[in-house]
Trainee: 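Sending over a structure as structure tokens; questions will come in a sec.
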Amino acid sequence: MNTKTLLDKKFEIFIPADRIKARIKQIAAQINVDYRDERPVFLGILNGSFMFAADLFKEIHLDAEITFLKLSSYEGMSTTGKVKQLIGLNSSSVSGRHVLIIEDIVDTGGTLVDILDQIEASGPQSVKTISLLYKPQACKKDVPLDYIGFEIPDRFVLGYGLDYDGYGRNSKDIYILAEE
Ligand code: IMP
């Protein structure tokens, strides 16, 4: 299926499932080398990364753990301004560990910067970031991204875990909003 309509919007196929799968294998192979003598802990950020995290983790051949965190929908205040709190962050599972954060997409970069601040506060030995998608033209923050699946234009995408108003996550391919 090359196009789909979801709610009021039209989407076109953008990254087919076989390309996603191939790229995940490459990223996992690199991580398997980079962490060959370590026991890292992967932190998947819900909801968007659930499919990517599952497929990536199947290709990780290290003694590794995975756990999932969710950002609160409300915003609390901190010294740095408004932040969404990470639900499920247990400092004992992060403290002294090599941590790899798994995100679905980095758009403005604000979310990942908030997440990094909160993870760093739990005293990990190291932190690296993985994002399936990255929109360089949209990104306003200096986000350290260590492993990137695909750089994409500043346009809305969905599928493979990413949603439009809650829908569209259950697609093996990634779609992009059609231009009018
Ligand atoms: P950021 O804080 O602007 O980097 O936004 C990150 C979050 O916004 C992601 O984790 C997604 O939940 C959502 N998001 C940003 N761009 C898209 C998109 O194109 N499609 C679906 N969700 C997106």
Side-chain angles (χ1 to χ4, degrees), residues 1-36 38 40-62 64-71 98-113 115-116 127-180:
M1 203 169 39
N2 285 336
T3 61
K4 69 159 78 186
T5 302
L6 200 65
L7 303 176
D8 55 336
K9 298 269 189 286
K10 257 197 172 156
F11 293 87
E12 296 165 350
I13 189 102
F14 183 49
I15 311 175
D18 56 347
R19 273 190 70 207
I20 299 172
K21 200 172 168 186
R23 185 72 187 116
I24 287 175
K25 282 192 179 214
Q26 290 175 334
I27 295 173
Q30 187 63 54
I31 293 171
N32 285 329
V33 170
D34 293 349
Y35 288 83
R36 60 191 164 278
E38 310 295 347
V41 57
F42 290 75
L43 303 181
I45 309 300
L46 296 173
N47 293 327
S49 82
F50 77 98
M51 231 180 249
F52 173 46
D55 286 344
L56 179 74
F57 200 58
K58 282 182 260 182
E59 300 294 333
I60 296 295
H61 307 308
L62 308 162
E65 292 178 71
I66 188 165
T67 189
F68 290 88
L69 305 176
K70 195 171 169 79
L71 284 165
H98 292 293
V99 173
L100 285 139
I101 299 169
I102 308 177
E103 258 289 28
D104 52 351
I105 186 165
V106 172
D107 184 12
T108 64
T111 304
L112 192 51
V113 164
I115 290 169
L116 276 167
V127 185
K128 281 194 183 179
T129 56
I130 309 163
S131 185
L132 177 64
L133 303 173
Y134 172 50
K135 295 180 183 172
Q137 293 133 315
C139 195
K140 294 180 174 62
K141 304 267 179 175
D142 189 11
V143 192
L145 265 180
D146 299 287
Y147 305 95
I148 298 170
F150 302 94
E151 289 197 2
I152 63 168
D154 186 7
R155 283 168 64 192
F156 193 82
V157 290
L158 69 77
Y160 197 69
L162 289 127
D163 74 308
Y164 169 49
D165 224 4
Y167 292 92
R169 296 191 197 275
N170 52 334
S171 160
K172 291 179 186 166
D173 310 298
I174 294 175
Y175 284 77
I176 194 161
L177 185 64
E179 284 181 315
E180 299 288 299

Trainee: What's the separation between atom CZ in Phe11 and atom OG1 in Thr5, rounded to the nearest 0.5 Å?
Mentor: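 Taking CZ in Phe11 and OG1 in Thr5, the distance rounds to 9.0 Å.
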Trainee: With rounding to the nearest 0.5 angstrom, report the OH to CE distance, Tyr160 to Met51.
Mentor: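 Those atoms lie 7.5 Å apart.
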Trainee: CG of Asp8: more than 12 outside heavy atoms within 6.0 angstrom?
Mentor: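 It does: Asp8 CG has more than 12 such atoms within range.
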Trainee: Nearest 0.5 Å please: distance from the CD atom of Glu65 over to the CG atom of Leu43.
Mentor: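 Glu65 atom CD to Leu43 atom CG measures 10.0 Å (nearest 0.5 Å).
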Trainee: Quick one: pull up CG in Leu162 and CG in Leu133 and give me the separation to the nearest 0.5 Å.
Mentor: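 One finds 6.0 Å between CG of Leu162 and CG of Leu133.
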Trainee: Show the nearest heavy-atom pair for residues Phe14 and Pro153, with the distance to one decimal.
Mentor: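 For Phe14 versus Pro153, the nearest heavy atoms are CZ-CD, 3.8 Å.
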Trainee: Got Glu103 and Ile115 here, is their nearest side-chain heavy-atom distance under 4.5 Å?
Mentor: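 The answer is yes, as the side chains (C-beta and beyond) meet within the 4.5 Å cut-off.
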Trainee: Side chains of Ser171 and Lys4, heavy atoms from C-beta outward: is any pair under 4.5 Å?
Mentor: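 The answer is yes, as the side chains (C-beta and beyond) meet within the 4.5 Å cut-off.
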Trainee: Go through it in stages, so that I can follow the logic: the residues are Ile174 and Phe150, the test is side-chain contact (heavy atoms from CB on, under 4.5 Å), and I'd like the CA-CA distance, side-chain angles, deciding distance and then a yes or no.
Mentor: CA-CA 11 Å; Ile174 294 175; Phe150 302 94; 5.7 Å; no
Trainee: Please determine whether a side-chain nitrogen of the Lys or Arg among Asp18 and Lys21 lies less than 4.0 Å from a carboxylate oxygen of the Asp or Glu.
Mentor: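 No, Asp18 and Lys21 are not salt-bridged.
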Trainee: State the CG-CG distance between Asp165 and Leu6, to the nearest 0.5 angstrom.
Mentor: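 CG of Leu6 is found 9.0 Å from CG of Asp165.
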Trainee: Is the backbone N or O of Ile148 less than 3.5 Å from a side-chain atom of Ser131, with the two atoms forming a donor-acceptor pair by type?
Mentor: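 Such a contact is absent between Ser131 side chain and Ile148 backbone.
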Trainee: Show the nearest heavy-atom pair for residues Ile31 and Phe42, with the distance to one decimal.
Mentor: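 Looks like CG2-CZ, 4.0 Å.
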Trainee: Would you find a donor on one side and an acceptor on the other, under 3.5 Å apart, between the side chain of Asn32 and the backbone of Glu59?
Mentor: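 Side chain of Asn32 to backbone of Glu59: a pair is present.
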Trainee: Taking the six-membered ring of Tyr164 as reference, does the cationic atom of Lys9 (NZ for Lys, CZ for Arg) lie under 6.0 Å from its centre and within 45° of its axis?
Mentor: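 No, Lys9 does not lie over the aromatic ring of Tyr164.
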Trainee: Evaluate the criterion side-chain contact (heavy atoms from CB on, under 4.5 Å) for residue pair Ile105 and Ile152; output intermediate values, then yes/no.
Mentor: CA-CA 10 Å; Ile105 186 165; Ile152 63 168; 4.1 Å; yes
Trainee: Do Asp104 and Ile45 make a side-chain contact, defined as non-hydrogen atoms from C-beta onward lying under 4.5 Å apart?
Mentor: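 No. Closest side-chain heavy atoms not under 4.5 Å.
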Trainee: So which heavy atom on Glu12 is nearest to which on Ala178, and how close?
Mentor: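 That closest heavy-atom pairing would be OE2-CB, 3.7 Å.
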Trainee: With a 6.0 Å cut-off (strictly less than), is the heavy-atom count around OH of Tyr167, excluding the residue itself, greater than 12?
Mentor: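 Check fails, neighbour count at 12 or below.
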Trainee: Evaluate side-chain contact (heavy atoms from CB on, under 4.5 Å) for Asp107 paired with Lys135, printing each intermediate quantity in order.
Mentor: CA-CA 5 Å; Asp107 184 12; Lys135 295 180 183 172; 3.4 Å; yes
Trainee: Does the side chain of Leu177 come within less than 4.5 Å of Arg155's, by heavy atoms?
Mentor: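 A side-chain contact under 4.5 Å is absent here.
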Trainee: Is there a donor-acceptor pair under 3.5 Å between the side chain of Thr129 and the backbone N or O of Pro144?
Mentor: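 It does hold such a pair.
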Trainee: Using the rule given for side-chain contact (heavy atoms from CB on, under 4.5 Å), can you reason through Asp163 versus Asn47, listing the C-alpha separation, both sets of side-chain angles and the distance that settles it, and then say yes or no?
Mentor: CA-CA 9 Å; Asp163 74 308; Asn47 293 327; over 6 Å; no
Trainee: Just by modelled atom types, is the Pro16 backbone N or O under 3.5 Å from a matching donor or acceptor in the Arg19 side chain?
Mentor: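 Answer holds: no.
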Trainee: So, do Ile60 and Tyr35 sit near enough that their side-chain heavy atoms are less than 4.5 Å apart?
Mentor: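 Heavy-atom side-chain distance check fails, nothing below 4.5 Å.
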Trainee: Please report the closest heavy-atom contact between Pro136 and Tyr134, naming both atoms and the distance.
Mentor: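 For Pro136 and Tyr134, the tightest heavy-atom pair comes out as CD-O, 3.1 Å.
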Trainee: Atom CD1 of Ile27 and atom CG of Asp146: how far apart are they, to the nearest 0.5 Å?
Mentor: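 One gets 11.5 Å once the value is rounded to the nearest 0.5 Å.
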